[in-house]
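Quick one: the structure is below, questions incoming.
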Amino acid sequence: MKKISVILPTYNRAAYLGPSIKSVLNQTWHGELEMIVVDDCSDDNTKEIISQLKDPRIRYIESQKRAGAAAARNTGVAASTGDWIAFIDSDTIWYPEKLAKQVGAIQQRTSDTYSLTYCRLRKQKHEESGWENHPQRVYSGLVYEKLLFDNFIDTPSVLMKRETFEAVGGFDPRLPRFQDWDLFLRVSQQNSVLGMEEVLFDSLTLAGAISSNDRARLEALLIIHSKYLSDISKNSDLASRFLAKIVNAYLIVDQPDAAAAFLRTNSRSHTLALSFLVKTARLLPKGMYRRLWDIVR
């Protein structure tokens, strides 16, 4: 492992950038490191904050047009020179030994088996509700099918081969959410990954994050479902799980008619649609569930 490039996309997060960037620059790994900060057209003092950090390892790229975090990460990777890539966000604080432990875990393996390694994190749920460790379970090897059930790989947890990132085409900027899930699905289709049980960074909960956007969640779920439908359809439990996620996403944004239409289209029969509703009754809000039942029935 000759050089690691760390990519940080940012938009109007000047107040949080300092700790995140310093957590990268303070890594105990002794190899060559560069940090690419891609500013997605911020209108706060992001540029000023970066200019105050007098470290030759930092490169600042100012986008000419706002394109979102996925495109910003792709831009950062394209501008980088490392043979391994890592990602960090402005709401993330790496522990000092994060990269060293991930590099060590990869190098301890005698064969060049793993294209990506990820670790666990400590997630701040809300200001007054404390912290939780994620994911609950860590998997290694060929994890594609497990990853279809749920994304257990967080973007700032990853250290991956540059050639692997480029081979799968990078992040898909069409997705308003779950760009990381989609990327790691494509990686895991052909590559083994190494999961680490240890918690190696903190993830904060900031106001206005894209993860709080319900309509973006629905749109992204529909794209993911369409992209991987052939594999999802092979497993009835997985197909039902996606139905539940998407139906629930429609109901959260108050679109019961669209939820019912999606359910009918993807249940293969009216009986299966009703059966699905019976099985998922406890998962859906009571009032919304009644509306959906009336439409499907």
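Any value given below was found using the heavy atoms of this structure, including those in side chains, with hydrogens, waters and symmetry copies removed.
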Using modelled atom types only, decide if a donor and an acceptor are shared between the side chain of T265 and the backbone of A261 within a distance under 3.5 Å.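 The answer is yes, because a donor-acceptor pair under 3.5 Å joins these two groups.
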If we ignore hydrogens and angles and just use 3.5 Å, is the side chain of Q107 paired with the main-chain N or O of A105 as donor and acceptor?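 Checking the backbone N and O of A105 against the side chain of Q107, no donor-acceptor pair under 3.5 Å is found.
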Heavy-atom closest pair, residues C41 and S63: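 For C41 and S63, the tightest heavy-atom pair comes out as SG-O, 3.3 Å.
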Which atoms form the tightest heavy-atom contact between D89 and S20, and what is the distance?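 For D89 versus S20, the nearest heavy atoms are O-OG, 3.3 Å.
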So for atom CD, which belongs to Q136, do other residues, nucleotides or ligands contribute more than 12 heavy atoms lying within a distance under 6.0 Å?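 Not buried by this count: 12 neighbours or fewer within 6.0 Å.
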Can you tell me how far apart CD (E97) and CG (N26) are? Round to the nearest 0.5 Å.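 The CD atom of E97 sits 12.0 Å away from the CG atom of N26.
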Are L17 and L25 joined in one hydrophobic group, where the rule is that I, L, V, M, F, W and Y side chains link up if heavy atoms are under 4.5 Å apart?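 Yes; L25 is reachable from L17 via cluster members.
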Same apolar cluster (I L V M F W Y, side chains within < 4.5 Å links), M196/I153: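 No, separate clusters.
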Are E34 and K3 ion-paired here, with the side-chain N under 4.0 Å from a carboxylate O?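 Counted as a salt bridge, because a side-chain N and a carboxylate O are separated by less than 4.0 Å.
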Check the pair D180, N151 against side chain to side chain contact (heavy atoms under 4.5 Å, CB included), reporting the backbone distance first and the verdict last. CA-CA 8 Å; D180 52 351; N151 183 26; 3.6 Å; yes
Can you find a heavy atom in the side chain of S23 that is under 4.5 Å from one in the side chain of I93?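 Of all side-chain heavy-atom pairs linking I93 with S23, at least one is under 4.5 Å.
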Angle class for the W181/F242 ring planes (parallel below 30°, perpendicular above 60°, tilted otherwise)?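 Correct class here is parallel.
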Any side-chain heavy atom of T164 within less than 4.5 Å of one from Y114?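 No; the side chains remain at least 4.5 Å from each other.
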Is there side-chain contact between L33 and L99, with heavy atoms separated by less than 4.5 Å?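 Yes, close enough: below the 4.5 Å cut-off.
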I need the L121 CG to L200 CG distance, nearest 0.5 Å.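 Between atom CG of L121 and atom CG of L200 there are 9.5 Å.
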Verdict with supporting geometry, D39 and Y11, side chain to side chain donor-acceptor pair (under 3.5 Å): CA-CA 6 Å; D39 184 353; Y11 173 71; over 6 Å; no
For a quick check under 3.5 Å, do Y118 and D154 share a side-chain donor-acceptor pair by atom type?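 On atom types as modelled, these side chains do not qualify, holding no pair under 3.5 Å.
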Short side-chain to backbone donor-acceptor contact, T46 and S42, under 3.5 Å: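 A pair under 3.5 Å: no.
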Indicate, with yes or no, if F201 and V199 share a hydrophobic cluster defined by side-chain heavy-atom contacts under 4.5 Å among Ile, Leu, Val, Met, Phe, Trp and Tyr.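 No, V199 and F201 fall in different hydrophobic clusters.
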For K2 and E32, what are the C-alpha separation, side-chain angles and deciding distance, and is it a salt bridge (charged side-chain N to carboxylate O under 4.0 Å, His left out)? CA-CA 7 Å; K2 299 176 182 178; E32 189 176 0; over 6 Å; no
Just by distance, do the side chain of R241 and the backbone of F149 share a donor-acceptor pair under 3.5 Å?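 Yes; at least one donor-acceptor contact below 3.5 Å.
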For the side chain of R186 and the backbone of G170, is there at least one donor-acceptor N/O pair under 3.5 Å apart?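 Yes.
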Using every non-hydrogen atom in the two residues, find where L238 and I232 come nearest and quote the distance to one decimal.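 Between these two residues, the closest heavy atoms are CD2-CA, 3.7 Å.
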Spatial distance of atom CG (L116) from atom OG (S192) [nearest 0.5 Å]: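 So the gap between those two atoms works out to 10.5 Å.
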Measure the CD-SG distance between E197 and C119 for me, rounded to the nearest 0.5 Å.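 Output value for this atom pair is 11.0 Å.
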side-chain hydrogen bond (donor to acceptor under 3.5 Å, both in side chains) partner of E198, chosen from K98, K101, Q102, R120: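 Only one of K98, K101, Q102, R120 forms a side-chain hydrogen bond (donor to acceptor under 3.5 Å, both in side chains) with E198, namely K101.
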If I compare all heavy atoms of W94 with all of P156, which pair ends up nearest, and what's the gap?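 Reported closest heavy-atom pair: NE1-O, 3.2 Å.
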Taking the side chain as C-beta and beyond, is there a heavy-atom pair between T117 and V158 under 4.5 Å?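 No. Closest side-chain heavy atoms not under 4.5 Å.
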For the OG1 atom of T10 and the OH atom of Y60, what is their distance to the nearest 0.5 Å?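 The OH atom of Y60 is 9.0 Å from OG1 of T10, to the nearest 0.5 Å.
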Within the structure provided, determine whether I21 and V37 are in side-chain contact (heavy-atom separation under 4.5 Å).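 With C-beta onward as the side chain, the pair touches.
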Side chain S188, main chain L185, donor-acceptor under 3.5 Å: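 Side chain of S188 to backbone of L185: a pair is present.
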Heavy-atom distance under 4.5 Å between the side chains of V77 and N74, does that happen here?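 Counting from C-beta outward, V77 and N74 never come under 4.5 Å.
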Before accepting this row, confirm whether a basic side-chain N of the pair E132/R122 lies closer than 4.0 Å to the acidic partner's carboxylate O.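 The answer is no: the pair does not qualify as a salt bridge.
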Honestly curious: do V193 and L142 fall in one hydrophobic cluster under the side-chain, below-4.5 Å linking rule?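 Looking at the clustering, L142 is in a separate group from V193.
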Do the charged groups of D150 and K245 touch, with an N to O distance under 4.0 Å?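 Result for this pair is yes, salt bridge flagged.
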With no hydrogens and no angle check, do the side chains of Q124 and S203 hold a donor and an acceptor under 3.5 Å apart?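 Side chains of Q124 and S203: no pair found under 3.5 Å.
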Run the salt bridge (charged side-chain N to carboxylate O under 4.0 Å, His left out) test on R66 and D43 for me, step by step, so that the C-alpha distance in whole Å, both residues' side-chain angles and the decisive distance to 0.1 Å come before the verdict. CA-CA 11 Å; R66 191 171 180 215; D43 54 18; over 6 Å; no
Does the side chain of I246 come within less than 4.5 Å of L222's, by heavy atoms?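 Yes, close enough: below the 4.5 Å cut-off.
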For the residue pair Y228 and D182, confirm or rule out a side-chain donor-acceptor distance under 3.5 Å.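 Yes, a side-chain donor-acceptor pair sits under 3.5 Å.
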Under 6.0 Å between the ring centres of F178 and F184?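 Centroid separation for F178 and F184: 6.0 Å or greater.
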Any donor-acceptor N or O pair under 3.5 Å, side chains D202, Y95: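 Yes, a side-chain donor-acceptor pair sits under 3.5 Å.
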Scan side-chain atoms only and decide if Y250 and Q255 contain a donor-acceptor pair under the 3.5 Å cut-off.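 No.
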Taking atom CD as the centre, does Q189 end up with more than 12 heavy-atom neighbours from other residues, nucleotides or ligands that are less than 6.0 angstrom away?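 Buried by this count: over 12 neighbours within 6.0 Å.
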Electrostatic pair D214:R217 at N-O distance under 4.0 angstrom: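 Here D214 does not pair with R217 in a salt bridge, since their nearest N and O are not under 4.0 Å apart.
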Would the distance check show the side chain of S140 and the main-chain N or O of L194 forming a donor-acceptor pair, the cut-off being under 3.5 Å?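 Not at all, since once roles are kept as given, no pair shorter than 3.5 Å links the two residues.
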Looking only at heavy atoms, which two atoms of A69 and P9 are closest? And how far apart?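 Closest approach of A69 to P9: O-CB, 4.1 Å.
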Any side-chain heavy atom of F165 within less than 4.5 Å of one from W84?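 Not touching, per the 4.5 Å side-chain cut-off.
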Does any N or O in the side chain of N213 come within less than 3.5 Å of the main-chain N or O of A216, such that one atom is a donor and the other an acceptor?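 Pair found, side chain donor or acceptor close to backbone of A216.
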Between K123 and D91, does any NZ, NE, NH1 or NH2 come within less than 4.0 Å of an OD or OE carboxylate oxygen?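 Salt bridge flag = no for K123 with D91.
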Kindly determine whether R162 and S80 satisfy side chain to side chain donor-acceptor pair (under 3.5 Å), including the steps that lead there. CA-CA 10 Å; R162 178 195 192 89; S80 69; 2.7 Å; yes
With rounding to the nearest 0.5 Å, note down the distance linking CD1 in I223 to CG in D172.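 CG of D172 is found 7.0 Å from CD1 of I223.
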Any donor-acceptor N/O pair, E219 side chain to R215 backbone, under 3.5 Å: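 Looks like no, no N/O pair under 3.5 Å.
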